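These notes are about the structure you will find just below.
Because the structure is a prediction, the values reported are computed rather than measured. Every chain is numbered from 1 and lettered A, B, ... according to where its sequence line falls, protein lines coming before strand lines.
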Number of protein chains: 2
Amino acid sequence: MSHALITYFKQISHLSESSEEALKALIHTQSIPKNQDLQHIGQTCKTLYFLKSGLARIYYFHDGNDVTEGFYEPFCLIARAESLFAGVPSKKAIQVLEDAEVWSISTKDLFGLYDTHRDIERLFTRLFEGAYVQTIQRIENLQFHSADERYQLLAQEQPEVLRRVPLKYIASYLGITQVSLSRIRAKKS
Amino acid sequence: MSHALITYFKQISHLSESSEEALKALIHTQSIPKNQDLQHIGQTCKTLYFLKSGLARIYYFHDGNDVTEGFYEPFCLIARAESLFAGVPSKKAIQVLEDAEVWSISTKDLFGLYDTHRDIERLFTRLFEGAYVQTIQRIENLQFHSADERYQLLAQEQPEVLRRVPLKYIASYLGITQVSLSRIRAKKS
DNA sequence: AAGTTAATTTAACATTTGATAAATATATTA
DNA sequence: TAATATATTTATCAAATGTTAAATTAACTT
């Protein structure tokens, strides 16, 4: 029986039959209702998530304000890498924005497979490299584009987010206030 | 004879005697004069750099303007990861800001050691994880701090940069104009 | 050292974005 | 459906940052 997540993994990096089975055994599936946290602020990141359906965000509080760090669509690796790799509690939470089906993998279990299954190690190294590259590109975006341009870029890269996510979450992701975002949208139409 | 870079590596992650030797054999040393590019725009990243002395930056052009992406001090991994991991030419260059001694390692040679020297693979995975974590933290900084706050943060984290780097490079790193930066500094004193 | 170039500061004004509050629209619940 | 809570837009004014140009300072060259 093929597993959609494993199928996706195999597009990223080759997996042996045995690695495929070993990895499949680690994947848990959960249903999470809209607006619920998948991981809370203060927990150390020890689980990797992938959405089967729905939409999620990572958020934190800055001076009491809710700030969205990123939006995540199905099959995209969701993890708080700054906590995972530093081994410290995360100031960020993962929240599901719609009723969602979620796949999760314990990092402890996963890393335990690295010694005997190098292809699995390679796969996840690749996934994290991809996430790293996206993070670099996001800096370019934040560093030298106006709020307006950042909005256009989001519209290009994650159009679903604009359609399905409340503006208040989008505004902080773009680094502006809701009011500013509302103005930017008003100019378009 | 101990090699300063290897000594640094061993603080990050354990290396066997043989890995230490294999790695040492890959390290090249060069002297680069002030303001010279170590890698040019358009080249695909195939070399990792570490400064023995001096100071460097990664920069690119946005709408004809020189934008500094980051500053690098001795022993810090310098690479254009978005090019290395995607295998595409980089829009960014690496420039030395002072006369510098540079260690370099070919990624092809390095990756060739991964199969036989897992501790080397682990070491570099760690180095890139560290760079990734820093990139995430930089986003937090850019996303919700004023120009003033971003300047203070740089002063805390890389005070040497403020002392030794021309303001024009610092301004674009902070995502503001030179004139704005000058104003911010004027307020302090 | 004088002359030249480059870097930094200052000033004046324009534009963008923030803050606050009120008005409107949309979604949720009894 | 009515009532209530949430989300979004609009308006006004204040603050931050951008743009351009000129003045000053520092660095480099002959």
Closest to the [X] side chain, choosing from [options]:
X	options	value
A/Ile176	D/dT10, C/dT17, D/dA7	C/dT17
B/Gln178	D/dT17, C/dT17, C/dT8	C/dT8
A/Leu167	D/dT8, C/dA19, C/dA7	D/dT8
A/Ser182	C/dT8, D/dT9, D/dA21	D/dT9

B/Tyr169 vs A/Thr177, nearer the 5' end of DNA chain C by closest nucleotide: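 With B/Tyr169 and A/Thr177 compared, the 5'-side residue is B/Tyr169.
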Exercise for the section: Report the residue (B/Pro166 or B/Val179) whose heavy-atom-nearest nucleotide on DNA chain C is the more 5′ of the two. Expected result: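 It is B/Pro166, whose closest nucleotide lies nearer the 5' terminus.
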Round to a whole Å and report the spacing from [atom1] of [X] to [atom2] of [N].
X	N	atom1	atom2	value
B/Arg183	C/dT10	CZ	P	11 Å
A/Glu149	D/dG18	CD	C1'	13 Å
B/Leu97	C/dA7	CG	P	12 Å
A/Leu162	D/dT8	CG	C1'	15 Å
A/Lys34	C/dA27	NZ	C1'	9 Å
B/Asp148	C/dG18	CG	C1'	16 Å
A/His145	C/dT16	NE2	C1'	16 Å
A/Leu142	C/dT17	CG	P	13 Å

What do the steps show when you test B/Glu121 against A/Arg118 for salt bridge (charged side-chain N to carboxylate O under 4.0 Å, His left out), and what is the final call?
CA-CA 11 Å; B/Glu121 179 170 6; A/Arg118 285 196 83 167; 2.4 Å; yes
(request) Establish, with yes or no, whether the OP1 or OP2 oxygen of D/dT9 is under 4.0 angstrom from a side-chain nitrogen or oxygen of A/Arg185. (result)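 Yes, such a contact exists.
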With respect to the phosphate group of D/dG18, does any side-chain polar atom (N or O) of B/Ser180 fall under 4.0 Å of OP1 or OP2? yes
Query raised in the report: Side chains of A/Asp37 and A/Tyr59: is there a donor and an acceptor less than 3.5 Å apart?
Result: yes
Any chance the side chains of A/Glu101 and A/Ser53 put a donor and an acceptor closer than 3.5 Å?
-> no
Practice task
Kindly determine whether B/Thr47 and B/Gln39 satisfy side-chain hydrogen bond (donor to acceptor under 3.5 Å, both in side chains), including the steps that lead there.
Solution key: CA-CA 9 Å; B/Thr47 313; B/Gln39 284 280 292; 4.7 Å; no
Item checked: Verdict with reasoning, B/Lys108 to B/Lys46, per side-chain contact (heavy atoms from CB on, under 4.5 Å) -> CA-CA 7 Å; B/Lys108 188 167 162 253; B/Lys46 288 177 178 165; over 6 Å; no
